[in-house]
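Read through the structure below, which is laid out as C-alpha cells, and then see the notes.
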There are 4 protein chains.
Amino acid sequence: MGQDFNTNQPIYLQIVQRLCRQIIRGELGAGDKLPSVRELAVQMGVNPNTVQRVYSELEKLEVAETRRGLGTFITEKESRLQQLRDELMTEQINSFVTDMKEMGFTASEIVEGVRKALENA
Amino acid sequence: MGQDFNTNQPIYLQIVQRLCRQIIRGELGAGDKLPSVRELAVQMGVNPNTVQRVYSELEKLEVAETRRGLGTFITEKESRLQQLRDELMTEQINSFVTDMKEMGFTASEIVEGVRKALENA
Amino acid sequence: MGQDFNTNQPIYLQIVQRLCRQIIRGELGAGDKLPSVRELAVQMGVNPNTVQRVYSELEKLEVAETRRGLGTFITEKESRLQQLRDELMTEQINSFVTDMKEMGFTASEIVEGVRKALENA
Amino acid sequence: MGQDFNTNQPIYLQIVQRLCRQIIRGELGAGDKLPSVRELAVQMGVNPNTVQRVYSELEKLEVAETRRGLGTFITEKESRLQQLRDELMTEQINSFVTDMKEMGFTASEIVEGVRKALENA
DNA sequence: GTGGTCTAGACCACC
DNA sequence: GTGGTCTAGACCACG
C-alpha cells in the first residue's frame, strides 16, 4: 500500500497537496473525519510522525482542525474550503502565466499551447 | 546587488532558471560568454560555490560549455537552444495542465482562467 | 449549548477554572449542589468522562466532595473557599509579575501597563 | 548542561519563550546568529529535532529567518522585534487582567496586589 | 559546516 | 481510541 512519492518535494507536503486536491474535487467535504494519524501512516506507507506533520500543516492552513482525543476533521467552514479552491487555482494559474511570460512567450502562444495540451490529454 | 531568492527552491536552480529564461528571450545568444564564477557570484550576492553549481547544471543541460582558461560560454549549437525553448515550454504547460486537472477543473475553466490572467497582467 | 474551549489547555481544566471562578465570585457557595455529571456534560457539550475528571480535580483541591447517591457538593468549609480565593489570587499575581520581570519590564512599566488595561476594560 | 523544563508545557515552546525573552531584554538583537541546531541541542540537553521545531516556530513568528547552509538568524526587521515586545507585554497584561476580573477582584485589589508583589520580589 | 526531512519507536494526556 | 511530544539516529541538499 506504500505510495509513490516524488523525491523533489517533502513527502509531507505531497500528502498535504493530495488531501487538498481531494477537498477541492469534493471527495472530502466540510466536517468529514480524516483517518487517524496511525491509520493514514499505514495507508501511505509512511511514519506516523510524517502524517502528524501533514495534519499540523492542514491546521495551519485552517483547512482541518483537531478535536482532542477524537481525531482530525476537515473544517466546518465551507467558505474556507471554497476559498482554498480559489486560492490554489489562481496561484497555479498566476505562477504559470508569469513563468511563461518571463520566458518570452506571447499571450496567443500560451493560450494555444494550453488548448493543445488539453486536447491531447 | 544581492537579489531576492525564493526560500522554497535552491538558489542555484533559481539562477539556472533565470539564465535559461534570458537565453529563451534571446538576451543571451549562442556563443555568448557568461560572467566568470567570481563575477556572477558578486553580482548575485551569492557564494562562488553556488555559481559553480549553476554552471555545472548548465553544462549538464548542454546549454553551456566551459573552455579551460577562457571561461564559460553559451553553446554554439543553436538547435540546442531552440530545443531548450520547446522543452521548457511543453514541460511547463504539461505540468500546469495535469495539476489543474488533478484539482478537478474542467478544460473550459482552465482556458478561461488563463485568458483572464493574461488580460489582467 | 456547547461552549467554546481553548485548544491550548485541557477542557477539563478549563471547566475546573470556570467553576472555581464562580465560587470565588460567590455565585456558588459552601454546600451548594453541583449538577450531576451527565447534566453538566450536556450543558457543556462535553463527554461525561471529562466532567468526571473535573469533579475528581475539585475533590483533590478539597473544593468539592461527592456524597454517594446524592451528588457532588461544594465543600461546607467556608475557610477553604476563602483560602482558595487567596491562593488563586496570589498565584495569578506572582506568575504574572515574575513573567513580566523575566521579560525585562521595570516595576513602573508593569504597574502602568496594568492600570491602563484596567481603564480600557 | 541539561536544563530544567516544566512538565506542563512542551519543551520546544519553553525554549521558544526563553529565546523571545532574551530578544525582548535586548540580549539578542536584530541580525544576530542563533546557535546551530546541533549546538543548541547540546546546550539544552535536548534532541536536535526539538531545536529544529523551536526554530521553525520562531520563523513562523517572523522573529527568525534561516539562510540556507548558513544558519538561523534573528530577523533584521527591528520593527518586528519591537512589535514582539509589545505583543507579548499586552498579551500578558490583558490575560492577567481579564482573569483577575473574572475572579471578581476589583481594580484597586488588582493594582494593590501587583504593587505588593513587586515590592517583595 | 548548515538546516530539512524521515524513520523507528516510545510515552503522555485527553476524550 | 485519539493527537502531541520527544528521543535516537540517519540521510540529504545546500552554501
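Being a predicted model, the structure only gives us computed values, none of them experimental. Chain A is the first sequence line, chain B the second, and so forth, proteins listed ahead of strands; every chain is numbered from 1.
With a 3.5 Å ceiling on both atom-pair distances, the Watson-Crick or G-U wobble partner of dG3(F) is dC12(E).
The nearest whole Å value for the distance from the CG atom in Asn8(B) to the C1' atom in dA13(F) is 15 Å. Per the geometry, CZ belonging to Phe5(B) stands 17 Å off C1' belonging to dA13(F), to the nearest Å.
Both Arg68(A) and Gln9(A) lie near DNA chain E, and the one whose nearest nucleotide falls closer to the 5' end is Gln9(A). Residues Arg38(A) and Leu70(D) each lie close to DNA chain E; by heavy-atom proximity, the contact nearer the 5' end of the strand is made by Leu70(D). Mapping Pro35(A) and Gly69(D) onto DNA chain F by nearest heavy atom places Pro35(A) at the nucleotide closer to the 5' end.
Using a 4.5 Å cut-off on side-chain heavy atoms (C-beta onward), Phe5(D) and Ile15(D) make contact. By the 4.5 Å heavy-atom criterion applied to side chains, Ile11(C) and Arg68(A) are counted as neighbours.
Counting heavy-atom neighbours within 6.0 Å of Arg38(B) CZ, excluding the residue itself, gives a total of 12 or less. Under a cut-off of 6.0 angstrom, the local environment of NZ in Lys77(A) is sparse, with at most 12 non-hydrogen atoms contributed by other residues, nucleotides or ligands. At most 12 non-hydrogen atoms from other residues, nucleotides or ligands lie less than 6.0 angstrom from CD of Glu78(A).
Residue contacts shown for Ser56(A) are absent, as no nucleic acid heavy atom lies under 4.0 Å away. Within 4.0 Å of Val46(C), counting heavy atoms only, lies no atom of the nucleic acid at all. When heavy atoms are screened at a 4.0 angstrom cut-off, Arg67(D) is found touching no nucleic acid atom at all.
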Between Cys20(B) and Leu58(B), is a side-chain contact (heavy atoms from CB on, under 4.5 Å) present by the stated rule, with each step listed? CA-CA 9 Å; Cys20(B) 281; Leu58(B) 289 176; 4.2 Å; yes
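Checked against Glu57(B) for a side-chain contact (heavy atoms from CB on, under 4.5 Å), the options Leu19(B), Val63(B), Val16(B) give a single hit: Val16(B).
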Could you go through residues 79-93 of chain A and list every donor-acceptor pair under 3.5 Å that involves a side-chain atom there, pairing it with any protein atom two or more places apart or in another chain?
unit_1, atom_1, unit_2, atom_2, d
Arg80(A), NE, Leu61(A), O, 3.0
Arg80(A), NH1, Gln83(A), OE1, 3.1
Arg80(A), NH1, Glu87(A), OE2, 3.3
Arg80(A), NH2, Leu61(A), O, 2.9
Gln82(A), NE2, Asp86(A), OD1, 3.4
Arg85(A), NH2, Glu109(B), OE2, 2.9
Thr90(A), OG1, Asp86(A), O, 3.2
Thr90(A), OG1, Glu87(A), O, 3.2
Gln92(A), NE2, Asp99(B), OD2, 3.0

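Extent of DNA chain E lying under 4.0 Å from chain D heavy atoms, first and last nucleotide in 5' to 3' order, is dG1(E) to dC6(E).
For the segment residues 47-55 of chain C, the set of residues with a heavy atom within less than 4.0 Å of an atom of DNA chain F is empty.
Between Lys60(B) and Glu65(B), no side-chain nitrogen of the basic residue sits less than 4.0 Å from a carboxylate oxygen of the acidic one, so the salt-bridge criterion is not met.
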